[in-house]
Amino acid sequence: MRTSQYLLSTLKETPASAEVISHQLMLRAGLVRNVASGLYTWLPTGLKVLRKVENIVREEMQRAGALEVLMPMVQPADLWQESGRLDDYGPELLRLNDRHMRPFVLGPTHEEVITKLIANEISSYKQLPLNVFQIQTKFRDEIRPRFGVMRGREFLMKDAYSFHLGEDCLKKTYQVMFDAYCRIFDRLGLDYRPVIADTGSIGGDASHEFHVLADSGEDDIAFSDVSDFAANVEKAEALAPAGERPTPKAALTEVATPNVRSIEDVAAFLKVESSKTVKTLLVQGIATDDNQAPIVALVLRGDHQLNEVKAENLPQVAAPLTFATEQQLLDEIGCHAGSIGPVGLSVEVIVDRSAAHLADFVCGANKDDVHYSGANWDRDAKNYSIADIRNVVAGDPSPCGEGKIVIKRGVEVGHIFQLGEKYAQAMNCGVLTEAGKNQTLTMGCYGIGVSRIVAAAIEQNHDKYGIKWPAAIAPFQVAIVPMNMAKSARVQETAEHLYQQLQTAGIDVIFDDRKERPGVMFADHELIGTPLLLVIGERNLDKQEIEVKNRISGEKSLLAISDVMSLFTK
RNA sequence: CGGUGAUUAGCGCAGCUUGGUAGCGCACUUGGUUUGGGUCCAAGGGGUCGCAAGUUCGAAUCUUGCAUCACCGACCA
């Protein structure tokens, strides 16, 4: 490709709307342009990267035995009615009507369509197992699209769905997909981790997310500093503190705490560590027979945070997690938030493992502006159960039994899980078994955010000059940068010759034939992140040499023109 | 959904307080100059000042409504 015939579209200045570095660089390097909130046009350079990522994903999926299909982005709402998700999905699902006022949705994912397809196409156990995938645009009407293509509303995703007779077969394919994902991210050249993930409402035994490590990531990942253990903080188990709970020493004492509400204030006011206090959160419970939803109290150590996923998974707690209203607090407890505590509380009390290990702690006295000090479990606060309901924090013992927890940020770029029979059952997807009986299929599903990977790769690989693409996904493998070509026939001839030679060899090369000053060319190619620059100038031509500059390492070296192809034979 | 802020040329911004026919830098066009790290000089093109209504002799500027975009929050017991 010659730059004179190409759309480089680089910018010197950073558009004000871009927050994270990958978004800024994607705009400056001319990879994408914003069309509307969360919607982007991919320019030629960006599309080249996107296609390279896509192709690696496609190749590895095919190698793992999956078959490619393509399903429509617009889907009849009927299918979603059938699976029950039309009502469950919420406002992220964009609904629309066609000219006949028939209801449709824009597909945020394709379980319904694929399950329907397989239900129609597959009728015998002999055709199983089957794994199909597509690389298709999805639409999710996000509350707050942000960070460019990292969290857009429309995005490119690879989604695969596998179909099995039974769990054992599913587990085999799950492992095959796990391995394929590792190969994909290895080939992409990214620093990533598979992490144990919450299976969410879908259930199932296992689920893993694949995260690219980057500070701008939206998820917290808990690692062991010793073993390979890694889990999403949503899922990471907080172990009970070791040893016996200390014996109570202090007497239960009421303390006036006028206008002291938050844990921070209480700890400062009473001059105790926040880890020696507890906070009591009141949430909606599961409705009972008479349709009255009770309130449930969740008790945590003052310095810990509630894990909403863990709380929602408790049988007593309503999902989605909803905090009690102020009116409920007044009616049921008789005081405002900030003065609630487990002593003498009449509602069901669930205590986090760490909070349950405290003795002589501080808590609200269920009267406004009053706290207790010297409170103790069993002696003062009775009738409670213990559960793991907090987020792990750095320094906690790792749930794998080895080492301590370290927390890093990650960008979720892949997610695999075992779906089970949920969709197959709803959409009547089954086959005849060897015994001639109809059996519902067991499914797995496996997603990769293709467009998000592009952003994540930049988050992980950039410097002050621009993007430093991993070689496998760089838009160009090499750039030819001639110095003052217009003034030197020798330079021009050499550049043209090299360009022909590289093109013939199938190398993805960009030839900067613009009549620009060297600084402009260097700056553009460094911004775009081409891994290799071949600099051709009068200076080195006498010795039949050119300069090779490596974008990643910054190294420069001289190379005989005749040896150029050796750069690509490794 | 709540809070905050923004909207003036393709991009980044000034002008608004104190109303008087719209400006700067980058980019773009033309000519010259320069040429191994975003040259310099000169001339030029490009804007219903987000939309609508109001106040006024006169509105980018004041008032009201609407739209769009962005950021923050949704851990409070």
Side-chain angles (χ1 to χ4, degrees), chain A residues 8-20 23-24 27-28 30 33-39 90-91 142-148 257 260-266 277-283 295-308 311 320-326 328-330 332-333 335-342 345 347 349 355 362-369 371 389-391 465-466 481-488 491 512 514-527 533-541 546-547 549 556 558:
Chain A
L8 226 36
S9 287
T10 54
L11 303 172
K12 268 191 196 175
E13 284 174 294
T14 305
S17 58
E19 180 76 358
V20 295
H23 189 198
Q24 294 173 359
L27 293 168
R28 285 194 52 211
R33 288 291 180 261
N34 183 257
V35 175
S37 179
L39 304 176
E142 294 279 350
I143 303 178
R144 182 138 91 86
R146 63 188 119 173
F147 304 154
T257 50
V260 177
R261 291 285 172 83
S262 71
I263 288 295
E264 225 169 77
D265 293 346
V266 169
T277 69
V278 304
K279 55 186 175 188
T280 306
L281 285 60
L282 296 184
V283 300
I295 286 183
V296 176
L298 304 175
V299 180
L300 293 155
R301 227 169 69 182
D303 57 330
H304 284 154
Q305 296 208 315
L306 178 67
N307 181 310
E308 294 196 18
L321 189 76
T322 314
F323 286 94
T325 62
E326 198 161 336
Q328 282 179 303
L329 296 186
L330 287 174
E332 302 254 347
I333 315 295
C335 71
H336 291 88
S339 300
I340 299 170
L345 205 53
V347 301
V349 177
V362 168
C363 64
N366 301 320
K367 282 189 270 185
D368 279 338
D369 299 330
H371 279 75
I389 53 174
R390 72 172 171 97
N391 283 335
Y465 300 111
V481 186
M483 302 288 101
N484 302 311
M485 189 166 75
K487 286 278 170 67
S488 164
V491 169
D512 203 334
R514 290 176 299 176
K515 196 182 171 212
E516 281 288 359
R517 294 171 58 84
V520 174
M521 293 182 177
F522 286 132
D524 271 345
H525 292 291
E526 277 159 6
L527 176 59
L533 299 190
L534 304 183
V535 183
I536 301 167
E538 277 290 334
R539 206 188 264 178
N540 300 312
L541 277 184
I546 57 169
E547 183 183 302
K549 185 164 181 190
K556 298 179 193 174
L558 292 173

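So that the names make sense, note that chain A is the first sequence line, chain B the second, and so on, each numbered from 1.
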Notebook entry, point to check: Does a distance-only test, which skips hydrogens and angles, find a donor-acceptor pair under 3.5 Å between the side chain of A:Lys549 and the base of B:G36?
Noted result: no
Next item on the list: Name the nucleic acid region contacted by A:Val481, choosing base, sugar-phosphate or nothing; use a 4.0 angstrom heavy-atom cut-off, strictly under.
Entry: nothing
Next item on the list: Please determine, for the side chain of A:Arg539, which listed nucleotide (B:A77, B:G36, B:U34) has the closest atom?
Entry: B:G36
Item checked: Distance in Å, A:Glu547 CD paired with A:Leu534 CG, rounded so as to fall on 0.5 Å steps -> 10.0 Å
Margin query: When you measure only distances, ignoring hydrogens and angles, does the side chain of A:Glu526 come within 3.5 Å of the base of B:G37 through a donor and an acceptor?
Written below: yes
Checklist line | P-based separation of B:C49 from B:A9 [nearest Å] | finding: 10 Å
Check: For B:C28, what is the paired nucleotide under Watson-Crick or G-U wobble rules, both distances under 3.5 Å?
Finding: B:G44
Next item on the list: Could you measure between the two C1' atoms, the one in B:C40 and the one in B:U56, and give it in whole Å?
Entry: 48 Å
Check: When every nucleotide of nucleotides 66-74 of chain B is labelled 5' to 3' by its protein contacts under 4.0 Å (heavy atoms), B for base, S for sugar-phosphate only, - for none, what sequence of letters results?
Finding: ---SSSB--
Any protein N or O atoms within reach of nucleotides 23-29 of chain B? Criterion: under 3.5 Å, listing atom names and distances.
from: B:G25; atom 1: N2; to: A:Glu13; atom 2: OE1; distance (Å): 2.8
from: B:A27; atom 1: OP1; to: A:Lys12; atom 2: NZ; distance (Å): 3.4

Next item on the list: Would you mind classifying the nucleic acid contact of A:Thr14 as base, sugar-phosphate or nothing, using non-hydrogen atoms under 4.0 angstrom?
Entry: sugar-phosphate
Next item on the list: Could you check how far NZ of A:Lys279 sits from C1' of B:A77, rounded to whole Å?
Entry: 9 Å
Next item on the list: May I ask you to say what A:Gly537 touches in the nucleic acid, namely base, sugar-phosphate or nothing, with a heavy-atom cut-off under 4.0 Å?
Entry: base
Check: On a whole-Å scale, what distance lies between the C1' atoms belonging to B:C16 and B:U8?
Finding: 11 Å
Next item on the list: Return the value, rounded to whole Å, for the distance between atom CG of A:Leu541 and atom P of B:G36.
Entry: 14 Å
Next item on the list: Rounded off to whole Å, could you give me the CG-to-P distance for the A:Asp524 and B:G37 pair?
Entry: 15 Å
Check: Rounded to the nearest Å, what distance is computed from the CG atom of residue A:Asp303 to the P atom of nucleotide B:A77?
Finding: 12 Å
Margin query: Under 4.0 Å, counting only non-hydrogen atoms across every strand here, what does A:Asn307 touch: a base, just sugar-phosphate, or nothing?
Written below: base
Check: Of all the nucleotides listed (B:G36, B:A77, B:U39), which has the minimum atom distance to the side chain of A:Thr280?
Finding: B:A77
Margin query: Say we look at B:C28 and B:C11: how far apart would their P atoms be, to the nearest angstrom?
Written below: 15 Å
Check: Would you say A:Val278 and A:Pro342 make side-chain contact, with heavy atoms under 4.5 Å?
Finding: yes
Checklist line | Pairwise distance NZ(A:Lys367) to CD1(A:Ile340) - rounded to 0.5 angstrom | finding: 14.5 Å
Margin query: If I pick the C1' atom on B:A59 and the same atom on B:U48, what distance separates them, to the nearest angstrom?
Written below: 14 Å
Notebook entry, point to check: When rounded to the nearest Å, what value does the distance between C1' atoms of B:U33 and B:U17 take?
Noted result: 45 Å
Next item on the list: With C1' as the reference atom in both, quote the distance from B:G44 to B:G50 in angstrom, rounded to an integer.
Entry: 29 Å
Note to self: Output the rounded distance in Å from NZ (A:Lys487) to C1' (B:U34).
What the structure shows: 8 Å
Next item on the list: List for me each residue that meets salt bridge (charged side-chain N to carboxylate O under 4.0 Å, His left out) alongside A:Arg146, sequence neighbours excluded, and say none if there are none.
Entry: A:Glu218
Check: Of the candidate nucleotides B:A77, B:U39, B:G38, which contains the atom at the shortest distance from the side chain of A:Arg28?
Finding: B:G38
Margin query: Over all strands shown, is A:Ile263 touching base, sugar-phosphate only, or nothing at heavy-atom distances under 4.0 angstrom?
Written below: sugar-phosphate
Check: Between the side chain of A:Arg390 and the main-chain N/O of A:His304, is any donor-acceptor distance below 3.5 Å?
Finding: no
Next item on the list: Specify the separation, in whole Å, of atom CZ of A:Arg514 and atom C1' of B:G37.
Entry: 13 Å
Next item on the list: Would you mind reading off the distance between A:Met485 atom CE and B:G36 atom P, rounded to a whole angstrom?
Entry: 15 Å
Notebook entry, point to check: So which heavy atom on A:Met483 is nearest to which on A:Pro518, and how close?
Noted result: SD-CB, 3.6 Å
Checklist line | Side-chain donor/acceptor of A:Asp512 to backbone N/O of A:Val481, under 3.5 Å | finding: no
Notebook entry, point to check: Distance-only, no hydrogens or angles: does the A:Thr257 side chain make a donor-acceptor pair with backbone N or O of A:Asp369 under 3.5 Å?
Noted result: yes
Checklist line | A:Arg33 CZ to A:Ser9 OG distance, which is reported to the nearest 0.5 Å | finding: 5.5 Å
Next item on the list: Would you classify A:Leu281 as touching base, sugar-phosphate or nothing, given that sugar-phosphate means primed atoms plus P, OP1 and OP2, and contacts are heavy atoms under 4.0 Å?
Entry: base
Item checked: Atom pair distance, as rounded to whole Å: CD in A:Gln24 and P in B:G12 -> 12 Å
Margin query: Could you identify the nucleotide paired to B:U21, looking across every strand shown and requiring Watson-Crick or G-U wobble geometry with both distances under 3.5 Å?
Written below: none
Next item on the list: Please give the nucleotide sitting opposite B:U4 as a Watson-Crick or G-U wobble pair, both distances under 3.5 Å, or none.
Entry: B:A70
Checklist line | Who pairs with B:G65 - Watson-Crick or G-U, where each distance is under 3.5 Å | finding: B:C51
Note to self: Need the pair for B:G37. Rule: Watson-Crick or G-U wobble, both distances under 3.5 Å, any strand; none if unpaired.
What the structure shows: none
Check: What's the shortest heavy-atom distance between A:Asn34 and A:Gly38, and which atoms?
Finding: ND2-N, 4.4 Å
Next item on the list: Please tell me which of A:Ile536 and A:Leu282 maps to the more 5' nucleotide of RNA chain B, matching each residue to the nucleotide holding its nearest heavy atom.
Entry: A:Ile536
Checklist line | Atom pair CG/OG1 of A:Leu300 and A:Thr280 - distance to nearest 0.5 Å | finding: 8.5 Å
Notebook entry, point to check: How far, in whole Å, is B:A60 from B:A14 if one measures between their C1' atoms?
Noted result: 12 Å
Checklist line | For B:A59, the Watson-Crick or wobble counterpart (both distances under 3.5 Å) | finding: none
Checklist line | Closest non-hydrogen atom pair between A:Leu11 and A:Leu27, with its separation | finding: CD1-O, 3.7 Å
Note to self: Any base atoms under 4.0 Å from A:Asn540, or only sugar-phosphate, or nothing? Heavy atoms, all strands.
What the structure shows: base
